[in-house]
Amino acid sequence: MNQTHTTISPGSPDTSGHLWSILFNPIIVKCVHSRLRLKHILSWGLITLTITAFVCLMVYLTTTERELMTPPEAARAMLLPLIIIQGIILMLLGTGSVASGLAVERDTGVIAYQRMTPMSPLAKMIGYLFGLPIREYFLFLLTVPFVAFAVIVSKFEVSKLLHFYAVFFSSVWVYHMTGMVVGMAWSKPRRAAMITQGFVVLLYLVLPQLSAIGLTFFEFLTVRPTFKAMLLDELKDVSESLRQVAEQRFASAIGTDEIGFFNWMLHPTTYTLIVQGFLLCTMIVVVLRKWKNDHAHPFSKLYGLFFHGIVTTLLVGSVWPILSNESLLRLFSKQFPDQQPAFILFLLLMTMLTVSGVFLILVVHVTTPSRFTMAEGIRLNMKQGHSRWVTLTSDASSSLLLTCCITAITAVGAWILIEHARQTGVFLTIFPPTWVLLQPLLFGVLVVFFVQGIRERFSTRMCYVILFILWMVPAFTAMVLYSAKNAWVGGTYTALPNPFAALLFTWFWVYEHAGLDGDQFLKGLPTDFRHHLPMFAATSIGLYAVLAAVIQAERLRWHLTMLKRERLHGRPTAGTPEDTAQEKAAPQAG
Amino acid sequence: MIETRDIRVDYDDVTAVRDLTLSIGTGEVFGLIGPNGAGKSSTIRVMATLQRPTYGDVKIGGIDIATDPAAVRRMLGYMPDMPPVYEDITCTEFLELFAGCYFMNRKDRRRRIDECLDQVDLTGKSKALAGTLSRGMRQRLVLAKTLLHDPDVLLLDEPASGLDPIARIDMRNSLVALSHLGKTVLVSSHILTELSEFCTSIGIMEKGVLVESGSISDIVQRLNGHRRFVVEIIKKPEDSNTSPEADHCVGVLETIATVAGAATQQPSATARVLAPNTVRVEFGITALEDVDEAAAAVLQKLVTHGVCVSGFYEKKVGVEDILLQVGAREVS
């Protein structure tokens, strides 16, 4: 310490403040310093240049020297491997850098310094979004000359390529925001990286598969539809294998030049940008909320409502054209060549309802306060002399009203589709009665209210334990009974606490009860099993009606008890021993 | 400068801070003392706008942190417990990052960074990667970052924890220098010697409750009700276990109306070797006013009654003594 130096003359603040912080973001400058040192540039750059050059020369020189292709064709053939390399660099490595970089900052605690600076959360988010993967952007730039060579030699239409890259970068930012959301939520770098990889696989590899059964919008989370629309037709002429890929992978129901959304036909790029823009907005909302308050829920209740409304609209809008348009139906039915239209309709509705149910549970999960958050909200309100009921939009308020609203949105969405199918008559000439169709919907609603109840009544860990015991243990037991004892009826009754199994059997019952099967789909099932289908449906609904009622009553009882104790003592309700022991790790006080 | 009212911080069903009300004036150096888990860090994190309290108000420089946290942040310098650094950038780059984040003018930035590095004696390490610095240097680097935008209020959470003795002395010197700059400083620690030398006032936390606060002398007065004095008397060397001189002195003191709690101090092993002929008697003066005059009268009476006084002084009460007294009380 220099004791003689006691005067401090700080620099005057930069008047261009926030704009400066976005354009010349100090976080990006810091990342340039830390991730783009000469040793990094040399080592990573050498690896990238070597691999890219190797792949390009293998494609270009091999085909031209052996006179398998003309130089323009060979240059055009280079584009696909180049795009794959660029995808690996930006989407895989870049996403990992964002997730692990942010998780490291949270783990070490340096993020607290950033939280305290007067930069706006948006400027900080932009800094991390473009700063953490700065090395990957540099490596991407190293591949650009190869792309330029391919484009010049092949005389590829530049506008198409730029069109493709617009969607490519939109996808990259969606991926990077996924990493950022995970990095903001999980502070352990290794766990954050693993969870990001899981999310990327789920969002961009697993969910897009649902497009094959009608939920086309999931496909547009990826760059594939635009790739198909803008590049594949150009590229497949030069390669037999690419042509096969195009036919096998992309000639599905969505493989048209335009995509149906309700009664509109949209260009794949437009649709991709809409879907990715929505996902990007959602992630930005989550990150900004987490910047402002680390303990805040990822969604506010209002955004949860908006999010579910948009998801339901996208789901209904994706299925709608298939129900309206016979040519689309025929195209779609090609994937199920041996099935009747009735089966396809029920497959569509069941998929839509199941996916919607998963989103319902997700929204309920992220917007429902823990018992402790609720207690804090009540304390704050009582301290401020307000009503003892917390404001409905607050994180600390019960999510019951939101659950009712989003459940209603799902029900309305499903009902719109059913009515649409009934009116167009594309699938069915005789439609099952309304009360029969309501059964699966009712079951779904009961499951959601049960989940909401246990989420609010118990701690997070306890909630997971209950769901595991109730959902997974019966499913595993049923599988053992099916395989070891061939006990179809007993096994199915055992599996009914699992909502996915119960929903499936409820649909079976609807399917058979409506007389739609024509001994096609269910004929392979044992006769006594088919006799029990009505009981399966009734038992599922009855079981979850009882569970939902009990847990909601218990939740209300606990809530009232807590209010009473807070009013009397100003102290939190004593939790049960298991609640106190298993809570999420609280920061160490002091 | 810092005002808190009824702050409560809950971590699920654990209450870390319970209804804490505190007021720290401009230029004051306030030491927040308490054992680990007392709620010091939570209190500081709330003041630093890093954590929302369950309820309660905090005002820094008259601005409520809930209504305008950005304005408050410009006034604050916060140094966390075990402060981390970006390990892969140099000290200068580290400070440049935060100079940019605080919108400091580009022209002045370089000069200001040099000033702060000089302030914490790290000029020679400006080009070194932060990850290569020793623990004490890292803490000084973070202190430089904390001072960079010249905040009016410094919140320092356990600034010397985990440091070796030499680094601890360096850090203490840094803090002493800061206290001379006229800044309002709130510093927390569970190591009492860090604070006693330069804190103008202290607060003692235990189990989330602020059990005492104020200047050290005020707290002593409140806890003991009187100031304490020590009289050193000469005894015969052969009387190693008993001391009739000390008994005589205590007897004289007990006859004086303004004296309370006179007792012989047991000599430490060092004292036995270094001053074998000296014995100490401690007592309190209960007079509400003119304590010094009363003390002079006591000294005169001791001399008059033949007590061989070799020393007479007021006992310095340290933070340790206060904490021991406060810690003995049950926190309800």
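Each chain gets a letter, A, B and so on, in the order its sequence line appears, and its residues count up from 1. The figures here come from the full heavy-atom set of this structure, side chains too, leaving out hydrogens, waters and symmetry mates.
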Part of Pro53(B) within contact of chain A (heavy atom distance under 4.5 Å): neither
Heavy atoms from other residues, nucleotides or ligands near CH2 of Trp291(A) exceed 12 (cutoff 6.0 Å): yes
Residue among Tyr78(B), Phe94(B), Tyr86(B) with most heavy-atom pairs under 4.5 Å to chain A: Tyr86(B)
Closest contact, heavy atoms only, Ile89(B) versus Arg37(A): CA-NH2, 3.4 Å
Smallest separation among heavy atoms of Lys292(A) and Arg52(B), with atom names: O-NH2, 4.3 Å
Part of Val110(A) lying under 4.5 Å from any heavy atom of chain B: both
Interatomic spacing from OG1 in Thr117(A) to CG in Leu97(B) - rounded to 0.5 Å: 8.5 Å
Chain A contact via Val142(B) - side chain, backbone, both or neither, heavy atoms under 4.5 Å: side chain
Ile44(B) versus chain A, the contacting section by heavy-atom distance below 4.5 Å: neither
Toward chain A, the part of Lys107(B) with a non-hydrogen atom under 4.5 Å: neither
Atom pair CE (Met116(A)) and CZ (Phe98(B)), whose distance is rounded to the nearest 0.5 Å: 11.0 Å
Pairs of heavy atoms under 4.5 Å with chain A: top-ranked of Glu93(B), Arg73(B), Met82(B): Glu93(B)
Non-hydrogen atoms of Phe103(B) and Pro118(A) that approach each other most closely: CE1-O, 3.9 Å
Exercise: identify the closest heavy-atom pair between Leu50(B) and Ala112(A): CD2-O, 3.7 Å
Nearest non-hydrogen partners of Pro80(B) and Tyr113(A), listed with the distance: CD-CE2, 3.6 Å
Shortest non-hydrogen contact from Cys101(B) toward Pro26(A): N-CG, 3.7 Å
Arg557(A) CZ: over 12 foreign heavy atoms closer than 6.0 Å: yes
NZ (Lys125(B)) with more than 12 external heavy atoms under 6.0 Å: no
Glu96(B) versus chain A, the contacting section by heavy-atom distance below 4.5 Å: side chain
